[in-house]
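Below: the structure, in structure tokens.
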Amino acid sequence: MGGRELTAPVPLPRVCYDRPVLEVARSLLGCVLERETADGVVAVRLTEVEAYAGAIDPGSHAYRGRTARNATMFGPPGHAYVYFTYGMHYCLNLVCAPAGTAEAVLLRAGEVVAGLELTRGRQPDARDRDLARGPARLTRALAVDRVLDGVDVTAAGSPLRVLAGGPVPDAAVLTGPRVGVAGDGALTPWRFSIAGDRTVSAYRPGVRRRRS
DNA sequence: CCGACGATTTCCT
DNA sequence: GGAAATCGTCGGT
């Protein structure tokens, strides 16, 4: 790698969850997500995230209002919104707007940077680079389920925490439409990922469907 | 490499 | 009743 030698601490991006959702999503790249259980700690460096803009965003769970499932999205920022989907998978979001504004960032993929042996045991057949590649595999790698819905990821001692990571320069950031969401267009950079990182999930366009 | 399909909860029409 | 912010497996090219 050709980067300059670091002889002094560099200013790390500070994740503030009440900024505009696209900014929060961008700033989460490179941050470290830590999950602590009785078995130990597994940590993932985030390589792919997506923004969901609440009530104004047809792709968001909050678009049609509050339900029992998405209630956490309407709460304060910095908390985990965990939902269950397709009858078998969990997905993890971070709420990132003041209470009442249901914006969130979906954590789609990351690189395991601690607890590799522990998380291998949770997915014995997966290659290491696939352990947290995709939103459902990421939650499985970290043993995240609905019990963690509403947890404050900014609190010390929380079972799920987000820490600042090394800076990710703009030149290394890719943006584009969200995975599996129809009608996203190319104008809004909903999805952010680290260019060339092998842990980023495969892109799949959303399918437009007719009303039944 | 690619596309099809099943698993099975939550929400919407 | 049917689709969904998904994934692993199967069969074809």
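In this text the structure is predicted, and so the values were computed from the model without any measurement. Here is the naming used below: chain letters follow the sequence lines, and residue numbers restart at 1 for every chain.
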Would you tabulate the side-chain donor-acceptor contacts of residues 86-112 of chain A under 3.5 Å, counting partners in other chains and residues two or more places apart, or write 'none'?
{"unit_1": "A/Asn93", "atom_1": "ND2", "unit_2": "A/Tyr81", "atom_2": "O", "d": "3.3"}
{"unit_1": "A/Arg108", "atom_1": "NE", "unit_2": "A/Glu48", "atom_2": "OE2", "d": "2.9"}
{"unit_1": "A/Arg108", "atom_1": "NH2", "unit_2": "A/Ser201", "atom_2": "OG", "d": "3.2"}

Grab the [atom1]-[atom2] distance between [X] and [N] for me, whole Å please.
| X | N | atom1 | atom2 | value |
| --- | --- | --- | --- | --- |
| A/His89 | C/dT6 | NE2 | P | 9 Å |
| A/Asp130 | C/dT9 | CG | P | 12 Å |
| A/Arg204 | B/dC5 | CZ | C1' | 14 Å |
| A/Leu138 | C/dT6 | CG | P | 13 Å |
| A/Tyr83 | B/dT9 | OH | C1' | 13 Å |
| A/Tyr203 | C/dA5 | OH | P | 13 Å |

Phosphate-side-chain proximity, A/Arg137 and C/dG8, N/O vs OP1/OP2 below 4.0 Å: yes

Nucleic acid contacts - residues 47-60 of chain A versus DNA chain C, non-hydrogen atoms under 4.0 Å: A/Tyr52, A/Gly59

Contact list for DNA chain C against residues 94-128 of chain A - heavy-atom distance below 4.0 Å: A/Leu106, A/Arg108

If you measure from the [atom1] atom in [N] to the same atom in [M], how many Å do you get, rounded?
| N | M | atom1 | value |
| --- | --- | --- | --- |
| C/dA3 | B/dA4 | P | 15 Å |
| C/dT13 | B/dC5 | P | 15 Å |
| B/dT10 | C/dG8 | C1' | 22 Å |

Flag the pair [X] / [Y] as yes when at least one side-chain heavy-atom distance between them is below 4.5 Å, and no otherwise.
| X | Y | value |
| --- | --- | --- |
| A/Pro135 | A/Glu50 | no |
| A/Thr199 | A/Arg137 | no |
| A/Leu22 | A/Thr188 | yes |
| A/Tyr52 | A/Val181 | yes |

Partner residues of A/Val147 under the side-chain contact (heavy atoms from CB on, under 4.5 Å) criterion, sequence neighbours left out: A/Asp145

Contact list for residues 51-65 of chain A, test salt bridge (charged side-chain N to carboxylate O under 4.0 Å, His left out), sequence neighbours left out: A/Asp57-A/Arg178

Summary of salt bridge (charged side-chain N to carboxylate O under 4.0 Å, His left out) pairs that have at least one residue in residues 155-166 of chain A, sequence neighbours excluded: A/Glu34-A/Arg161, A/Glu36-A/Arg161

Among residues at least two apart in sequence or on other chains, which ones pass side-chain hydrogen bond (donor to acceptor under 3.5 Å, both in side chains) with [X]?
| X | value |
| --- | --- |
| A/Asp128 | A/Arg120 |
| A/Arg198 | none |
| A/Asp152 | A/Thr154 |

Measure all distances between protein nitrogen or oxygen atoms and nitrogen or oxygen atoms of nucleotides 10-12 of chain B, and list the pairs falling under 3.5 Å.
{"unit_1": "B/dC11", "atom_1": "OP1", "unit_2": "A/Thr67", "atom_2": "OG1", "d": "3.2"}
{"unit_1": "B/dC11", "atom_1": "OP1", "unit_2": "A/Arg69", "atom_2": "N", "d": "2.8"}

5'-most by nearest nucleotide on DNA chain C - A/Ser201 or A/Gly87: A/Gly87

Partner of A/Leu33 under side chain to side chain contact (heavy atoms under 4.5 Å, CB included), chosen from A/Val113, A/Val162, A/Leu163: A/Val162

Remaining members of the apolar cluster that contains A/Tyr203, side-chain heavy atoms under 4.5 Å: A/Val179

Pair pattern of DNA chain B in dot-bracket, where unpaired bases get dots and | marks partners in another strand, Watson-Crick or G-U under 3.5 angstrom: |||||||.||||.

Whether A/Arg66 side chain and A/Ala71 backbone form a donor-acceptor pair below 3.5 Å: no

Given C/dC7, C/dA5, C/dT6, the nucleotide with the shortest approach to the side chain of A/Met73: C/dA5

